[in-house]
Protein chains: 2
Amino acid sequence: MPRQVDHNQRRRQIAEAVWRLATRGGLEDVTLRQVAAEAKVSARLLQYYFGTRDQLLLGALEILNADAEQRARERLAALGQTPSMQALVRGVLLELLPLDEERRNRHLVYIAYFIPFLVDPALAKVAREAPHALEDLVAGLIMQGQELGEVSRDIDAAAEAAFLVAGAEGIQTTVLLGQRTPEDAVALIDHQLTRIFTATPRN
Amino acid sequence: MPRQVDHNQRRRQIAEAVWRLATRGGLEDVTLRQVAAEAKVSARLLQYYFGTRDQLLLGALEILNADAEQRARERLAALGQTPSMQALVRGVLLELLPLDEERRNRHLVYIAYFIPFLVDPALAKVAREAPHALEDLVAGLIMQGQELGEVSRDIDAAAEAAFLVAGAEGIQTTVLLGQRTPEDAVALIDHQLTRIFTATPRN
DNA sequence: GGTGTTATGGTTCGATCGCACCACAAAACG
DNA sequence: CGTTTTGTGGTGCGATCGAACCATAACACC
């Protein structure tokens with residue numbers, strides 16, 4: 001029956017099984033047999049599409065990252081043509097929070113991968129760039145806010161951006177553990193945002 | 001040769017082996033045989049002192065938590081008899097940062113345990129209390145700072161405390177990944193502290 | 001319509017896993 | 001001094017792991 005199948009779709013189907021297992025029981029539960037059963041394919045297919053187990057884990061992560069990036073872009077685009085800098089920063093930070101099943105699972109997968117990130121050089125390279133890019137993005141938005149008069153000149157954009165991103169990441173953890181509701185998490189973010197974005201746009 | 005051995009020391013010796021393996025390769029590398037080899041005891045001893053593998057993981061975590069608590073108390077006591085509220089909050093937050101090998105490894109162990117925390121009810125109970133207690137502690141210190149005039153009355157103590165703890169936790173992650181130096185991490189914390197603790201003590 | 005390539009299922013192997021079980025040495029106790 | 005308790009090593013079992021291997025059905029191409 002072959003040759004009419006969409007390889008990307010197959011890889012995605014398998015990758016999603018990896019995510020589900022990783023969020024459910026950590027990386028140690030991501031065995032070839034379990035993935036095969038979860039994805040409802042034969043174990044042989046995993047080898048065919050990804051090769052070894054390490055390559056499977058890496059491949060599944062890359063697909064996840066590509067997904068996350070696209071979804072973030074979509075959500076930011078949904079803010080409209082001329083959003084305020086505050087709304088943009090808010091959108092970026094909220095992307096880090098486990099506000100829906102998709103984002104929750106994504107962060108669980110990242111946590112499951114964390115230790116390998118520190119050890120395996122191949123994985124480390126994948127992780128190195130993203131977070132710093134986020135900080136720079138937020139810092140740039142705050143500085144634009146200063147240009148537009150939405151943010152006081154007294155604010156240290158870089159320092160505040162770094163702490164905002166770090167804070168969102170930390171809050172994410174508490175939400176995952178059930179120590180805080182998503183609503184409280186958003187409220188904490190907004191509390192900091194209203195502190196930083198005090199001035200009214202000069203326009 | 002038995003009966004003159006210190007059980008607590010033996011358990012600690014084994015627990016330390018668990019930590020080392022967990023920080024090195026995640027929980028999936030913490031097998032009974034590996035732990036036995038790392039702790040330089042026979043595999044049989046693990047069963048004798050901890051029982052099943054799950055109990056071993058849980059026991060090792062409890063020892064780690066007890067350690068962390070005692071070390072934190074020591075470090076806070078080292079601040080002197082009448083430290084300022086700002087210094088106390090700083091001490092608490094810095095405890096969350098991987099500033100030395102001990103704290104770095106401790107946080108790596110926590111990350112390795114994170115997924116099981118969400119799944120296994122026995123582990124979940126252990127984790128549930130600690131972080132919230134930290135937030136309450138910091139919030140209390142900030143409110144004391146308001147009483148003493150170190151902190152403006154306009155500050156929302158609870159919200160700031162939550163964001164400080166979350167921020168410290170998020171910064172910890174970036175330091176572990178090598179994206180930020182420990183010095184930068186401390187500087188970010190201090191930047192927020194000097195914002196909150198503006199007023200001079202009324203004496 | 002053969003022929004080669006692509007996609008898939010099934011099976012097997014050696015290693016390793018958690019854990020139960022057995023043997024025994026040293027101390028404690030009567 | 002004998003017996004019980006406590007601490008330790010070794011070994012074996014059933015299950016499962018990752019990965020290699022074999023077979024073959026469906027399509028592409030000529």
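All values below come from the heavy atoms of this structure, side chains included, with hydrogens, waters and symmetry mates left out. Below, chain A is the first sequence line, B the second, and so on; all start at residue 1.
OP1 or OP2 of C:dC17 has at least one side-chain nitrogen or oxygen of B:Thr31 nearer than 4.0 Å. For A:Tyr48, a side-chain nitrogen or oxygen approaches OP1 or OP2 of C:dA7 to under 4.0 Å. Proximity of A:Thr52 to the phosphate of D:dA19: a side-chain N or O atom is located under 4.0 Å from OP1 or OP2.
Atoms CG (B:Leu45) and C1' (C:dC19) sit 15 Å apart, rounded to a whole Å. Here the P atom of nucleotide C:dT8 and the CZ atom of A:Arg10 are 4 Å apart, to the nearest Å. Put simply, NZ on B:Lys40 is 18 Å from C1' on D:dG9, counting in whole angstrom units. The interatomic distance linking A:Asp29 (CG) with D:dG18 (C1') rounds to 15 Å, in whole Å. Here D:dA19 presents its C1' atom at 17 Å from CZ of A:Phe50, a figure rounded to the nearest Å. Protein atom CZ of B:Arg53 is 16 Å distant from nucleotide atom P of C:dT16, rounded to whole Å. Rounding to whole angstrom units, CG of residue A:Leu46 and C1' of C:dG9 are separated by 12 Å.
When each of C:dG9, D:dC21, C:dA7 is scored by its nearest atom to the side-chain atoms of A:Tyr49, the top-ranked nucleotide is C:dA7. Closest to the A:Arg33 side chain, of the nucleotides C:dG9, C:dT12, D:dT8, is C:dT12. Listed nucleotides C:dC19, C:dG9, D:dA19 differ in distance to A:Leu32; the shortest reach to its side chain belongs to D:dA19. Here the nucleotide nearest the side chain of A:Gln47, chosen from D:dC21, C:dG18, D:dG9, is D:dC21.
Using a 4.0 Å heavy-atom distance criterion, B:Val35 is classed as making no nucleic acid contact.
In terms of modelled atom types and a separation under 3.5 Å, the side chain of B:Trp19 and the main chain of B:Ala60 share a donor-acceptor contact.
Relative to the six-membered ring of A:Tyr49, A:Arg10 misses at least one condition, a distance below 6.0 Å or an angle of at most 45° to the axis.
When all heavy atoms of B:Ala168 and B:Leu97 are compared, the pair lying nearest together is O-CD1, 3.5 Å.
Counting distance only, with no hydrogens placed and no angle test, the side-chain atoms of B:Arg44 and the base atoms of D:dG9 include a donor-acceptor pair under 3.5 Å.
In the model, B:Gln192 has a side-chain atom that pairs as donor or acceptor with a side-chain atom of B:Arg195 under 3.5 Å. For the 3.5 Å distance criterion, the side chains of B:Glu74 and B:Gln70 qualify, holding a donor opposite an acceptor.
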